[in-house]
Amino acid sequence: MYLQFRDDVEAALVSALEALDLPTDDLGVEDPPEGVEAVLASSAAFRLASEVGAPPPQVAGQIADEIDAGDYEYVEAASAQGPYVNFLPSDAYYEGTVEQAQSEDFGRLEPSGERVVVEHTSANPTGPVHVGRARNPIVGDSVARILDFAGHDVERHYYVNDAGRQMAVFTWAYETFDEDDLPQPDREKADYDLVRYYRKGNDFLETADPDEVEAAEDEIQAIMQGLEDGDEETFERVREVVDTVLGGMRESLERLPAAFDEFVKESRFMRDGSVDDVVERLKASDEAVYEEDAWQLELDEYGIEKNFVFLRSDGTTLYATRDLAHHEWKFDNYDRAVTVLGEDHKLQAEQMNATLDLLGNDTDKLRQVIYSYVNLPEGKMSTRAGTGIDLDDLLDEAVERAREEVENRLDDRIRDDDLTEEDVSRIAEQVGIGAVRYDIVSKQPTKAITFEWDRALDFEAQSAPYVQYVHARTCGILEEAGISSDAPDALSAEFDASLLETDAERELLEVVARFPAVIEEAAADLEPHVVATYTREFAETFNRFYRECPVLADDVDDDLRDARLALVAAAKHAVGNALGVLGVAAPRSM
RNA sequence: GGGCGUGUGGCCUAGUGGAUAGGGCAGGAGGUUCCUAACCUUCUGACCGCGGGUUCGAAUCCCGUCACGCCCGCCA
């Protein structure tokens with residue numbers, strides 16, 4: 001209802017300003033601060049004061065006087081308060097909110113018909129996913145969920161670098177070294193198994209005898225050339241390594257959970273000729289220069305000073321060149337493309353944008369979400385060097401700590417719980433992993449995060465469990481009332497929302513009503529953290545309602561009980577779906 | 001050196017032109033015969049890095065400056 005209310009408010013302002021013969025290009029609709037009763041307000045009077053020749057409060061008064069709230073279904077009143085025009089919602093707003101939010105998928109926006117591809121993670125398949133990289137799948141998966149919930153047709157892609165130098169090194173190392181010379185793997189898992197060869201290979205290239213290194217480099221070069229020439233046998237050799245390591249990484253990512261619709265391999269664009277096509281078109285462009293035996297592109301007109309090399313002197317393509325073909329493929333198959341990238345890829349992204357534009361693509365269809373890395377207090381995490389915390393270890397530790405927490409709480413509970421061992425495991429999993437994910441997704445992606453165990457695994461206050469607990473409470477009340485999620489129909493279809501008139505109830509209704517607008521904003525700006533901020537405010541508001549408004553107590557009369565139950569169901573859908581788009585589990589009990 | 005990003009109470013964080021800068025942690029004081037206390041109430045604590053400027057109004061925009069991070073490969 002919030003979106004409809006906002007439409008009403010905008011219409012009312014336009015009509016009032018037109019009647020006063022004032023410009024309508026700046027309505028100044030905003031959320032009033034806490035403590036102000038209104039749901040929306042306009043600060044337009046500030047800007048119109050000079051035009052009218054009267055002080056802002058007087059202008060606000062004129063605007064408010066011009067508005068007849070009766071003309072708008074969801075507006076109860078428009079009143080001037082100092083220089084602001086404040087808008088109060090009508091009973092229909094509150095009643096409409098409760099009704100609308102009875103739907104299980106409350107908050108989902110109308111289908112847009114737009115096909116959006118979200119590419120995220122795309123880490124080179126060199127070894128286990130570490131925490132430094134984990135922000136990408138968490139942010140990316142949440143962005144994908146939000147776009148989906150906002151009505152778009154979303155596909156999630158992992159772009160696999162299976163043709164670069166790193167994979168050539170890996171393949172060479174895998175074929176060269178003997179397992180007996182390697183340390184024990186940290187886990188019995190494919191990615192942990194194979195990363196030992198990769199580390200050993202890199203170590204060899206850095207420290208071995210120069211002649212031996214040269215021989216190794218020749219083999220690596222042969223692999224790269226084979227890929228470039230489209231040699232099937234070479235592709236097979238590399239594929240074995242890539243698919244094996246990727247398989248292990250996928251398992252870890254799915255725990256987050258982050259799943260993909262498609263793993264797009266860059267070698268595909270080498271084989272279908274599209275990379276060659278890109279190269280030919282670039283060579284023919286006015287910006288192309290042949291310097292130092294390599295083909296380059298001058299991108300000065302895009303404000304990029306550094307030349308973009310798109311063909312090496314040995315005639316092989318670069319990752320960035322292949323990525324151009326990849327993105328043209330995206331443009332052919334989707335209406336929009338979103339890529340989640342670490343901040344270190346920012347310049348490359350700008351370079352690619354410029355080049356795609358030069359090739360005649362509409363780059364407005366492409367957007368990047370940039371995030372800063374998660375570092376350790378002592379520095380960066382690196383797969384090659386083997387420094388860093390593995391995502392699996394973090395998640396295991398999180399689940400273990402969550403389990404301890406659940407077990408501790410079992411002892412000092414007021415109510416008798418009938419949590420089974422199965423419940424305890426489920427809760428530990430939901431809370432532990434949810435806490436990690438929420439901790440990452442709730443912060444602005446551009447802010448750097450320094451990883452600290454205790455901070456990442458804090459289960460109190462502004463954390464996933466705090467919000468999850470609210471969801472569990474809503475489920476608890478509904479179940480107590482005999483309304484299980486399996487049988488939502490048991491909820492009385494007849495309820496009188498006008499009985500919800502205390503401050504606590506009204507505030508909860510208002511925060512529920514805002515949910516679709518939060519989705520709209522998060523989707524438009526590609527910012528999952530605004531949903532996380534919302535869940536926190538939601539939880540605070542719900543907890544106040546919970547404290548002040550008993551639903552099932554004996555002294556609550558039947559009509560009020562039904563209305564409150566409907567409100568609790570509405571709250572459950574809002575917070576449950578908010579957690580859903582964040583990719584955080586919504587437990588029915590804790 | 002150049003480019004991009006970040007800087008908000010002791011610590012973490014929301015807020016990108018409008019109403020007393022909103023939370024959390026830590027610290028002090030309270031609350032459970034009552035639908036789950038992973039909760040709530042209350043107190044303490046901020047010259048929004050620093051200096052200028054624009055504006056009726058600046059954490060938010062502009063200029064300068066400092067600190068930190070990232071980038072400036074024929075790597076990815």
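Heavy atoms only: backbone and side chains are in, while hydrogens, waters and symmetry mates are out.
Salt bridge A/E407/A/R403: present, at least one basic N to carboxylate O contact under 4.0 Å. Looking at A/R6 and A/E520, a side-chain N of the basic residue comes within less than 4.0 Å of a carboxylate O on the acidic one, giving a salt bridge. Taking a cutoff of 4.0 Å between a charged side-chain nitrogen and a carboxylate oxygen, A/K346 and A/E350 do not qualify as a salt bridge.
Nucleotide B/rU42 has B/rG28 as its partner under the Watson-Crick or G-U criteria, with both atom distances under 3.5 Å. As the counterpart of B/rU33, no nucleotide is assigned, since no Watson-Crick or G-U wobble pattern has both distances under 3.5 Å. Both distances falling under 3.5 Å, in either a Watson-Crick or a G-U wobble arrangement, occur for no nucleotide opposite B/rG73.
Under 4.0 angstrom from either OP1 or OP2 of B/rU13 there lies no side-chain N or O belonging to A/R455. Between A/Y466 and B/rC40, a side-chain N or O to OP1/OP2 separation shorter than 4.0 Å is present. Contact between the side-chain N/O atoms of A/Q444 and the OP1/OP2 oxygens of B/rA14 is found at a separation under 4.0 Å. Checking the phosphate oxygens (OP1, OP2) of B/rG69, no side-chain nitrogen or oxygen of A/K380 falls inside 4.0 Å. For B/rA38, the OP1/OP2 oxygens have a side-chain nitrogen or oxygen of A/R409 closer than 4.0 Å.
In this structure, A/T316 reaches neither bases nor backbone, as no heavy-atom distance under 4.0 Å exists between it and the strands shown. Among the heavy atoms of the strands lying under 4.0 Å from A/R47 is at least one base atom, whether or not backbone atoms are also near. Note on A/C549: a base of the nucleic acid sits closer than 4.0 angstrom, heavy atoms only. Note on A/A472: a base of the nucleic acid sits closer than 4.0 angstrom, heavy atoms only. Using a 4.0 Å heavy-atom cutoff across all strands shown, A/R322 reaches sugar-phosphate atoms only and no base atom. Residue A/V551 is classed as a base contact, given a heavy-atom separation below 4.0 Å to a base. Note on A/H529: only backbone sugar-phosphate atoms sit closer than 4.0 angstrom, heavy atoms only; bases stay farther off. A/A41 comes within 4.0 angstrom of a nucleotide base, judged by non-hydrogen atoms across all strands. Among the atoms of the strands shown, base atoms are found under 4.0 Å from some heavy atom of A/Y546.
With hydrogens and angles left out, the side chain of A/N408 and the base of B/rA38 share no donor-acceptor pair within 3.5 Å. Between the base of B/rC70 and the side chain of A/S372 there is no donor-acceptor pair shorter than 3.5 Å.
Considering A/T321, A/L347, A/L324 as possible partners of A/M352, the one that fulfils the side-chain contact (heavy atoms from CB on, under 4.5 Å) test is A/L324.
Donor-acceptor pairing under 3.5 Å is recorded for the side chains of A/R426 and A/S589.
Each of A/F545 and A/R312 lies near RNA chain B, and the nucleotide nearest A/F545 is the one positioned closer to the 5' end. Nucleotides of RNA chain B nearest to A/P56 and A/Y373 differ in position, and the one nearer the 5' end is that of A/P56.
The stretch residues 425-440 of chain A touches RNA chain B through A/I427, A/V431, each having a heavy atom within less than 4.0 Å of the strand.
Taking every side-chain heavy atom of A/N543 into account, B/rC39 is the closest of B/rG15, B/rC39, B/rG5.
Below 30°, between 30° and 60°, or above 60°: for A/F515 and A/Y534 the angle between ring planes is below 30°, a parallel geometry. Classification of the A/W172-A/F204 ring pair by plane angle, with boundaries at 30° and 60°, yields tilted.
Cation-pi check for A/R473 over A/F542 is not met; the charged atom does not lie both under 6.0 angstrom from the ring centroid and within 45 degrees of its normal.
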* Can you give one letter per nucleotide of nucleotides 21-31 of chain B, 5' to 3': B if a protein heavy atom sits under 4.0 Å from the base, S if only from the sugar-phosphate, - if neither? -> -BBSS------
* Asked: Stepwise, does the side chain to side chain donor-acceptor pair (under 3.5 Å) test hold for A/D314 with A/T316?
  -> CA-CA 6 Å; A/D314 64 4; A/T316 58; 2.7 Å; yes
* Kindly determine whether A/R135 and A/S372 satisfy side chain to side chain donor-acceptor pair (under 3.5 Å), including the steps that lead there. => CA-CA 8 Å; A/R135 204 169 183 177; A/S372 295; 5.1 Å; no
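Taking the side chain as every heavy atom from C-beta outward, A/K380 and A/T387 never approach each other to under 4.5 Å.
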